[in-house]
Amino acid sequence: MRPDRIRALLFASLLGSTALLSAPVSAQQPYDGLWQVTVVTRSGTCEPSTSSTVTVTDGQISAPGAAISGRVGREGLVRVSINGAYANGQLTGNSGSGKWNGASAGVPCSGRWEASRQ
């Protein structure tokens, strides 16, 4: 191989390595950000309706002061648990909805939730 071709290949491989080293450690997920969530009870004695803001960061769902555990997948699939209640559903673009179930004073409750990106 000619020396100028070797230098060109070496230079190209160094540029490629530099680009890989400068890539961010965690890439933003498509549904990251603030979401306003409204929960509506359809059956049971749980609170009839409540709204709160949750944060999605790298697909992980969190809310200040809440024992919440959950994820939003790259395709928008939502799975969450909070204080013994469970929810699942789908986000698409800037909105989403799903179902939840839990209990209040041992009495089962269930309903729907809706979310919109803030």
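Since this is a predicted model, take the numbers as computed values, not measurements.
- Rounded to the nearest 0.5 Å, atoms CD1 (Ile61) and CZ (Arg79) are 11.5 Å apart.
- For Gln36 against Ser51, the heavy-atom pair with the smallest separation is NE2-CB, 3.3 Å.
- Residues Leu34 and Thr53 come closest through the heavy atom pair CD2-CG2, 4.1 Å.
- Within 6.0 Å of CD in Glu114 there are 12 or fewer heavy atoms belonging to other residues, nucleotides or ligands.
- Looking only at side-chain heavy atoms (C-beta outward), Trp35 and Ser52 stay at 4.5 Å or farther from each other.
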Problem - Worked verdict on Trp113 versus Val78 for side chain to side chain contact (heavy atoms under 4.5 Å, CB included) - result: CA-CA 11 Å; Trp113 61 266; Val78 176; 4.1 Å; yes

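- Residue Tyr31 comes nearest to Gly93 through the heavy atom pair CE2-O, 3.6 Å, listed as atom of the first residue, atom of the second, then distance.
- Listed by chain and residue number, Thr45 satisfy the side-chain contact (heavy atoms from CB on, under 4.5 Å) test with Val107 (two or more places apart in sequence, or in another chain).
- At distances below 3.5 Å, not a single donor-acceptor pair connects side-chain atoms of Gln29 with backbone N or O atoms of Gln60.
- More than 12 heavy atoms of other shown residues, nucleotides or ligands fall within 6.0 angstrom of atom CZ in Arg71.
- Here OG of Ser69 is found 11.5 Å from CG of Asn83. Values are rounded to the nearest 0.5 Å.
- Considering only residues two or more places apart in sequence or on other chains, Ser49 meets the side-chain contact (heavy atoms from CB on, under 4.5 Å) condition with Thr38, Val40.
- The minimum heavy-atom distance between Leu91 and Gly96, with the atom names listed, is CD2-CA, 3.7 Å.
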Problem - Intermediate values then yes/no, side-chain hydrogen bond (donor to acceptor under 3.5 Å, both in side chains), Ser95 and Ser116 - result: CA-CA 4 Å; Ser95 64; Ser116 60; over 6 Å; no

Exercise for the section: For side chain to side chain contact (heavy atoms under 4.5 Å, CB included), just list the numbers for Leu77 and Val72, CA-CA rounded to whole Å, side-chain angles, deciding distance to a tenth of an Å, and then say yes or no. Expected result: CA-CA 5 Å; Leu77 182 64; Val72 179; over 6 Å; no

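- Residues Ala66 and Ile82 come closest through the heavy atom pair CB-CD1, 3.9 Å.
- Between Ser110 and Lys99 there is no side-chain heavy-atom pair separated by less than 4.5 Å.
- Separating the CH2 atom in Trp100 from the CG atom in Asn88 is a distance of 12.5 Å, to the nearest 0.5 Å.
- Side chain of Asp32 to backbone of Gly59: a donor-acceptor contact under 3.5 angstrom is found.
- Taking each heavy atom of Ser97 and Arg112 in turn, the nearest pair found is OG-NH2, 3.4 Å.
- Distance check, rounded to the nearest 0.5 Å: SG of Cys109 to CG of Asn101 gives 9.5 Å.
- Between the side chains of Ser62 and Thr55, no donor N or O sits under 3.5 Å from an acceptor N or O.
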